[in-house]
2 protein chains.
Amino acid sequence: MENTGEVKVKSLYKCLKILECFTAKTPDLGITEIAKKLDLNKSNVFNMISTLVAAGYVEKNPTTDHYRLSLKMLEFSYVITSRIEYQAIVMQIMQRLSNELNHAVLFGVMHGTQVLYLYNTYPKSISNDYLVRSLMGEKAPLYCTSLGKAILSALPKEEVSAHLDDHLVPFTKTTLTSVEELMRDLKLSASRGFSVDNSEHEQGIRCIGVPVRARDGRLIGGMCVSGPVQHIPDDDIERLARNLISASFEIRNRT
Amino acid sequence: MENTGEVKVKSLYKCLKILECFTAKTPDLGITEIAKKLDLNKSNVFNMISTLVAAGYVEKNPTTDHYRLSLKMLEFSYVITSRIEYQAIVMQIMQRLSNELNHAVLFGVMHGTQVLYLYNTYPKSISNDYLVRSLMGEKAPLYCTSLGKAILSALPKEEVSAHLDDHLVPFTKTTLTSVEELMRDLKLSASRGFSVDNSEHEQGIRCIGVPVRARDGRLIGGMCVSGPVQHIPDDDIERLARNLISASFEIRNRT
DNA sequence: CATGTTGTTCTGTATTGTAGAACAGTATGC
DNA sequence: GCATACTGTTCTACAATACAGAACAACATG
């Protein structure tokens with residue numbers, strides 16, 4: 001007897017949809033704005049938001065007079081991340097990689113058709129190439145990121161399509177937008193053990209990714225180095241990949 | 001006309017209380033367990049949890065058969081952290097401090113009577129003294145942490161009591177448990193510009209903290225170095241504090 | 001086999017969420 | 001200065017719906 005995950009409390013489901021309206025691009029929202037976006041009644045949204053304010057999870061931005069998610073919401077992050085058993089090992093190895101390779105290193109997991117970034121580390125001497133920030137909770141498509149493609153390349157072929165968006169939207173000129181192209185790229189990645197993102201998601205950013213497994217062989221996520229194209233020249237890809245692969249191997253051995 | 005933050009949708013408020021049952025110490029919970037804890041009806045909790053599962057924010061732990069918060073919840077973290085404008089500057093300076101002082105550095109903000117940790121950095125060469133992990137979203141009392149006391153010491157005296165728990169619970173032998181003692185400590189911290197936590201929260205851990213302000217003078221949080229007592233000897237406190245103070249000053253100048 | 005746990009399903013009732021209209025407060029236009 | 005067009009907020013009446021309670025299934029445990 002399994003919980004099917006039915007929507008049994010409609011008002012609660014509505015509220016979650018309201019919370020999802022707050023995004024990195026639109027972190028500040030007004031009542032009417034939300035109501036329009038979700039086709040809900042103004043007073044309905046108002047009641048929900050008021051309750052969220054009462055509980056401390058939403059607050060009014062005093063300067064814009066709009067609502068936004070409050071820091072209290074971060075308390076949930078800690079509950080989630082502190083139960084990830086491989087966290088310490090992964091982060092330690094990532095930091096070492098960052099220092100050795102002098103690049104930002106990212107770790108993320110598969111989440112439907114997207115990568116969900118968990119950890120990121122920066123080189124010990126931080127240049128101005130990087131905007132230093134936590135990426136925890138950011139999402140990006142699997143099909144156009146090195147991290148995503150590394151994960152996809154480690155999946156059984158028949159499972160891949162379930163994790164692809166219906167339409168492979170081009171973000172840049174180099175984005176792979178046909179399934180055939182992508183599958184060929186994944187096959188190549190699988191055979192050589194690493195994936196490459198040649199500015200397929202963000203213009204001017206190149207990444208090299210590898211899948212990450214736990215001791216039991218279970219795929220736990222992916223890891224990549226990321227940086228401006230001019231800092232990751234073609235003839236350096238091999239070296240970076242080798243380091244990533246051995247780091248991934250070390251994680252596997254230490255989990 | 002201000003939103004008073006009334007609880008207008010009771011079922012939603014209940015659900016938030018359900019989510020709050022999931023903590024770092026008890027991340028896996030059963031239906032009955034939650035119902036008992038909150039004195040709610042089993043079927044009531046079941047309906048809520050089912051809805052949360054349907055929306056993807058809660059999942060069943062396949063090994064324990066209990067429920068837990070899912071990674072999807074982290075998406076909110078990114079929405080929140082990416083709107084913090086001083087993030088890049090603070091993290092960059094923290095990483096530099098970590099490297100220079102060879103200690104873990106923590107940054108957090110005041111949240112009621114608690115510190116809410118946001119960022120933490122580790123020295124470039126990570127020893128085994130540290131369990132490397134993200135502290136984002138973790139909480140600790142203001143009155144017994146260097147970070148908390150640094151923030152309190154920067155507040156107007158009359159505001160302090162509003163941010164103190166009713167009862168100053170002793171975590172260790174050295175925890176300051178009387179308001180008088182604490183106020184004296186805060187006065188000292190304010191005068192010299194830094195606070196010290198002598199294993200007042202966690203046995204064997206010593207921290208040195210300073211308040212952090214933005215350019216306009218507004219208090220945005222606190223920052224501290226933290227480590228095992230044997231690595232932060234008495235005669236090194238002054239040096240660490242000086243570095244922290246100048247780092248805090250630099251943040252202020254660059255925001 | 002009995003007892004005590006779970007999680008899950010179902011149903012009738014009354015609690016409560018919600019739509020819609022009305023109001024207040026602010027900004028922008030002419 | 002008077003409209004107009006936005007906001008967020010309050011109120012109320014009605015019906016949708018959340019919920020208590022009982023019952024059941026699936027496991028344990030003794």
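Lettering of chains follows the sequences in order, A, B, ..., and the numbering in each one begins at 1.
- Considering every non-hydrogen atom in both B:L19 and B:L69, the closest pair reads CD2-CD2, 3.7 Å.
- B:E6 places its CD atom 15 Å from the P atom of C:dT16, with the value rounded to the nearest Å.
- A:S134 and B:T81 share no donor-acceptor pair across their side chains, judged by distance under 3.5 Å alone.
- For A:H66, whose side chain is taken as the heavy atoms from C-beta onward, the closest listed nucleotide among D:dG8, C:dT8, C:dT6 is D:dG8.
- For A:F46, counting side-chain heavy atoms from C-beta on, the closest listed nucleotide (C:dG7, D:dT7, D:dT9) is D:dT9.
- Taking the side-chain hydrogen bond (donor to acceptor under 3.5 Å, both in side chains) definition, one finds that A:T23 meets it with A:T26, sequence neighbours left out.
- Atom CD1 of B:I31 and atom C1' of C:dT5 are 15 Å apart (whole Å).
- The aromatic rings of B:Y143 and B:F171 are tilted relative to each other, their planes meeting at an angle between 30° and 60°.
- The phosphate of C:dT8 (OP1 or OP2) has no side-chain N or O of B:S50 nearer than 4.0 angstrom.
- Using modelled atom types and a 3.5 Å distance limit, the side chains of A:Y78 and A:R83 yield no donor-acceptor pair.
- Atoms CG (A:N61) and P (D:dG8) sit 13 Å apart, rounded to a whole Å.
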Query raised in the report: When you check every protein heavy atom under 4.0 Å of nucleotides 16-23 of chain D, what one-letter string (B, S, -) results, 5' to 3'?
Result: -SSBBB--
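- A close approach under 4.0 Å does not occur between any side-chain nitrogen or oxygen of A:K60 and OP1 or OP2 of D:dT7.
- The distance between atom CG of B:D65 and atom C1' of D:dA26, rounded to the nearest whole Å, is 11 Å.
- B:K72 has no carboxylate O lying under 4.0 Å from a charged side-chain N of B:E75, or vice versa, which leaves the two without a salt bridge.
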